[in-house]
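What's counted below: heavy atoms across the whole structure, side chains too, no hydrogens, waters or symmetry copies.
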Amino acid sequence: MVGTADRILSQKLATSMEGKKHQIGQKQWEEIILALGEVAAGIAHEIRNPLTGIKGFSQLLRQQFEKGGKEWQYINRILKETEIIENLIEEFLLLTKPTFPKKQWVHLSRLVDEILPLLAKEAVDNRVQVITKFEDTLAYAKVDLDQMRIALYHLGKNLIKAMAEGTVLFITVESKKEAGCNEIIFKVCSNEKKDFEKKIFKHGFDAFECHDSLSIGVIKRIIENHHGDLIMALNDDNSRVVVKLPFND
């Protein structure tokens, strides 16, 4: 329910903000967004302070009990709920401040390398494997490093959580010079392909539940703010989610 409500709220807020943008001047729009970002940052700070305390003491308390026991499970549930709140805060901040990315030239292979340690933990927890293969080690794109790092990590995390045990997630970086773009490809190879398709592809991104990570809608919006695209593709032997980023922006 949290993921569904969050996704609906994200879509409504994004639609409302986009509509207002066409009714006022660009300068006024930027001032409104900046002010909204400051308010959001203040709210996030006030929520994060007590949340950090709850999370820290819960982690310490969990260590006092045997893993898998009733008390351990109760405390583990508290920690999972705090993760949900943390990601809701992060998504709220991104919704108010993704319009003006601070772009710089970034080596895409290195960008993927930066999120691998984080995805490795998710892969171990979900008993899947992550393998990288960089077809073009010289693929660059002009992006906001922090925003794109967050978007790619949460995209990978969402995919891993939807994958069956024993599945392999291949992440590749390729240059499509004829199309004028670079591609970061998340390719899922699994014997349980139909189950994965049902979770990710059958009803599109909007139907995919994201309980403890950023919603697909916000991830897609971040990529589109970089004049890129997030697309789904089905082949006979694998399923793909492709992030397209332009060569020049």
Side-chain angles (χ1 to χ4, degrees), residues 3 6-7 9-11 13-14 17-18 33 37 40-41 44 83-84 86-123 130 132 134 139-163 169-174 176 181-188 200-201 204-233 239-247 249:
D6 178 44
R7 185 179 64 250
L9 177 61
S10 299
Q11 292 171 341
L13 181 56
M17 291 172 70
E18 200 63 34
I33 291 297
E83 287 183 7
I84 292 174
E86 285 178 334
N87 281 287
L88 287 173
I89 293 171
E90 188 173 6
E91 181 156 344
F92 179 61
L93 289 172
L94 286 172
L95 277 170
T96 57
K97 296 178 66 177
T99 310
F100 315 111
K102 298 177 181 178
K103 297 180 181 179
Q104 59 181 299
W105 287 106
V106 174
H107 194 301
L108 294 182
S109 297
R110 292 176 185 171
L111 177 58
V112 173
D113 277 335
E114 287 184 18
I115 67 170
L116 282 181
L118 299 173
L119 292 181
K121 179 182 179 302
E122 300 294 337
V130 177
T132 59
F134 302 136
Y140 285 83
K142 201 171 185 180
V143 302
D144 184 305
L145 182 59
D146 290 334
Q147 288 187 15
M148 194 56 61
R149 187 190 291 120
I150 289 171
L152 293 178
Y153 163 63
H154 283 280
L155 176 59
K157 181 178 179 181
N158 288 333
L159 294 175
I160 288 172
K161 286 185 174 294
M163 292 160 59
L169 174 63
F170 291 93
I171 306 177
T172 63
V173 175
E174 300 178 6
K176 302 292 185 180
C181 69
N182 294 304
E183 293 185 351
I184 302 174
I185 303 170
F186 294 78
K187 182 170 68 174
V188 177
I200 300 291
F201 293 97
F205 279 135
D206 291 340
F208 182 46
E209 300 289 342
C210 307
H211 295 289
D212 60 351
S213 59
L214 293 184
S215 69
I216 294 295
V218 170
I219 295 170
K220 193 172 191 295
R221 188 177 174 208
I222 291 172
I223 294 168
E224 289 175 345
N225 281 338
H226 289 78
H227 304 292
D229 198 8
L230 180 65
I231 61 174
M232 302 177 292
S239 304
R240 298 185 178 201
V241 176
V242 182
V243 176
K244 291 190 174 185
L245 296 170
F247 283 136
D249 187 13

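- A heavy-atom distance below 4.5 Å is not found between the side chains of V106 and M148.
- Atom NE2 of H227 and atom CG of L245 lie 11.0 Å apart (nearest 0.5 Å).
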Derivation and outcome, side-chain contact (heavy atoms from CB on, under 4.5 Å), residues T172 and K187: CA-CA 8 Å; T172 63; K187 182 170 68 174; 6.0 Å; no

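- A distance of 5.5 Å separates OH of Y140 from CZ of R110, quoted to the nearest 0.5 Å.
- Shown here for I185 and E183, the closest heavy-atom pair between the two residues is CD1-OE1, 3.7 Å.
- When every heavy atom of L155 is checked against every heavy atom of I219, the shortest pair comes out as N-CD1, 3.6 Å.
- The backbone N or O of V173 sits nowhere less than 3.5 Å from a side-chain atom of N182 that would complete a donor-acceptor pair.
- Of all the heavy atoms in F186 and G156, the pair that sits closest is CE2-CA, 3.9 Å.
- K121 meets the side chain to side chain contact (heavy atoms under 4.5 Å, CB included) test with D125; sequence neighbours excluded.
- Rounding to the nearest 0.5 angstrom, the gap separating the CD1 atom in I171 from the CD1 atom in I184 is 9.0 Å.
- Between the CG atom of N225 and the NZ atom of K220 there is a distance of 11.0 Å, given to the nearest 0.5 Å.
- Here the closest heavy-atom approach between residue V143 and residue H226 is recorded as CA-CD2, 3.4 Å.
- Taking all atoms of both residues into account, the shortest heavy-atom contact from A141 to P246 is CB-O, 4.1 Å.
- Going from atom CG of D144 over to atom CD1 of I222 covers 9.0 Å, rounded to the nearest 0.5 Å.
- Note on D146 versus R149: salt bridge recorded, some NZ/NE/NH1/NH2 to OD/OE distance being below 4.0 Å.
- Remark: L118 engages Y153 in a side chain to side chain contact (heavy atoms under 4.5 Å, CB included) (not counting sequence neighbours).
- We find the CD-CZ distance between Q147 and R221 to be 10.0 Å, quoted to the nearest 0.5 Å.
- Minimum heavy-atom separation, E122 to I160: O-CG2, 3.7 Å.
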